[in-house]
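In what follows, a structure is listed as C-alpha cells, so that the remarks can point back to it.
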Amino acid sequence: MRLIGAGFGRTGTFSLKTALEQLGFDPCYHMAEVFDKPRHNALWRMAAAGQPVDWDELFAGYQAAVDWPACAFYAQLMEYAPDAPVLLSVRDPEQWYTSVMNTIYQRTGPAPVEDEHGQMIRALIWENTFHGRFEDKPYAISIFERHIAEVKARVPAGRLLVYNVQEGWEPLCRFLGVPVPADTPFPRLNDTREFQARVRAGKQLGQPTKE
C-alpha cells in the first residue's frame, strides 16, 4: 500500500482513483472494486463489526485505496502501511451532502437491502458512520466535518495532503513526487448525472452507460 485515502465517498474519489492509476498507483482500491468480490464484502462487514481483518488479503496487489469502505479505516491502515502518505479528499459540505443523498443513499439507504454488497454499505456507512441519521442533514454534515478535522489532527502534517479534485494535477503530483502528466486533462468522472444514468441503465461503477 503506497497511498491511503481518508476522504469520504462523493468527494471526487472515482476521479481520484483514475488519476492515481494514471500516475502509477495502479490498481487503486475503491468501492467499485468490491461489487464483484463477495469475499471482500464479507471482510468489510467483519471490519464494520469490529472484528480483526487481514489487510493483506483485502489489498493484495493494490497500490492505493480511496473512497469507502477503506476511508473508514484510514487510522488502522496508517499502522498497516506506516510509510504510506495520506490523502484527504474534501468538498464543500453542502454539495457533498446533496451528492450523497442523490446517489448512493438513494440506492442503499432508505429501503431494506437484501444483497450482501448493499448490506455491507448499510452497516459500514449508514449505521456505523452516520448512526442511522443520514437524512438529518445538519447531523450528517457535522459527521463529514468532524471526520475531516479528526484526520487533520491525527495525521502528521508532512504525511497528509488535504485535497479538492478541482485543484487538478499540480498539488497531487507535487505531494506524490511524480511529474504532471503532459497533455492529459485531470479525470472528471462519476458526477451525479453520470451516477444516475448508470443506475437507470442497470450498470455498476466503471461500466459505460448509453448516456
Side-chain angles (χ1 to χ4, degrees), residues 1-34 40 43-44 46-48 50-93 95-96 99-100 124-125 128-130 141-181 184 186-190:
M1 177 71 69
R2 297 169 55 205
L3 178 72
I4 299 164
F8 279 0
R10 307 309 298 172
T11 57
T13 49
F14 194 67
S15 296
L16 190 52
K17 164 186 166 64
T18 304
L20 288 167
E21 290 176 344
Q22 292 179 18
L23 295 175
F25 292 77
D26 185 17
C28 176
Y29 200 95
H30 180 280
M31 183 68 82
E33 304 290 315
V34 189
H40 284 216
L43 289 171
W44 286 118
M46 290 171 56
Q51 300 175 31
V53 172
D54 184 349
W55 300 119
D56 283 336
E57 180 180 357
L58 263 173
F59 296 117
Y62 286 94
Q63 300 290 308
V66 297
D67 196 63
W68 283 306
C71 68
F73 301 94
Y74 78 92
Q76 294 93 321
L77 294 178
M78 287 175 64
E79 297 181 5
Y80 168 67
D83 296 325
V86 178
L87 178 60
L88 174 62
S89 50
V90 297
R91 185 179 185 181
D92 172 81
Q95 293 178 355
W96 166 82
S99 178
V100 176
L124 193 148
I125 302 177
N128 282 20
T129 302
F130 296 103
I141 287 179
S142 75
I143 294 292
F144 176 71
E145 294 178 327
R146 185 186 312 162
H147 176 76
I148 291 171
E150 288 176 354
V151 174
K152 290 179 179 178
R154 181 185 292 268
V155 183
R159 192 179 177 183
L160 177 67
L161 174 65
V162 181
Y163 175 73
N164 188 312
V165 293
Q166 299 300 320
E167 298 175 78
W169 289 117
E170 285 75 11
L172 180 62
C173 292
R174 184 169 59 249
F175 178 66
L176 298 175
V178 298
V180 174
T184 303
F186 192 89
R188 307 291 182 191
L189 302 168
N190 199 36

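In what follows, residues are counted from 1 in the order of the sequence shown. Side chains are part of it too, since the values below use all heavy atoms of this structure and drop only hydrogens, waters and symmetry mates.
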- Query: Is Thr129 reaching over with its side chain to a backbone N or O of Leu124, donor-acceptor style, under 3.5 angstrom?
  - Reply: yes
- Query: Between the side chain of Gln95 and the main-chain N/O of Asp92, is any donor-acceptor distance below 3.5 Å?
  - Reply: no
- Task: Output every pair passing salt bridge (charged side-chain N to carboxylate O under 4.0 Å, His left out) with a member in residues 151-162, not counting sequence neighbours, ordered by first then second residue.
- Result: none
- Task: Take Leu172 and Leu23, measure what side chain to side chain contact (heavy atoms under 4.5 Å, CB included) needs, and give me the verdict at the end.
- Result: CA-CA 10 Å; Leu172 180 62; Leu23 295 175; 3.9 Å; yes
- Can you name the residues that form a salt bridge (charged side-chain N to carboxylate O under 4.0 Å, His left out) with Glu21, not counting sequence neighbours? Lys17
- Does Gly24 offer a backbone N or O that forms a donor-acceptor pair with the side chain of Arg2 under 3.5 Å? yes
- Item | Donor + acceptor pair across side chains of Glu33, Tyr62 (<3.5 Å) | yes
- Item | Aromatic ring pairing Phe59/Trp44, orientation class (parallel under 30°, perpendicular over 60°, tilted between) | perpendicular
- Task: May I ask you to check whether His147 and Tyr74 place their ring centres under 6.0 Å from each other?
- Result: yes
- Item | Between Asp56 and Tyr80, a side-chain donor and acceptor under 3.5 Å | yes
- Is the closest side-chain donor-acceptor distance between Arg91 and Thr11 under 3.5 Å? no
- Query: Is there a donor-acceptor pair under 3.5 Å between the side chain of Asn128 and the backbone N or O of Ala48?
  - Reply: yes
- Any pair with a residue in residues 168-180 that passes side-chain hydrogen bond (donor to acceptor under 3.5 Å, both in side chains), sequence neighbours left out, goes on the list, sorted by first then second residue, please. none
- Mind checking whether Phe130 and Trp68 have parallel, tilted or perpendicular rings, split at 30° and 60°? perpendicular
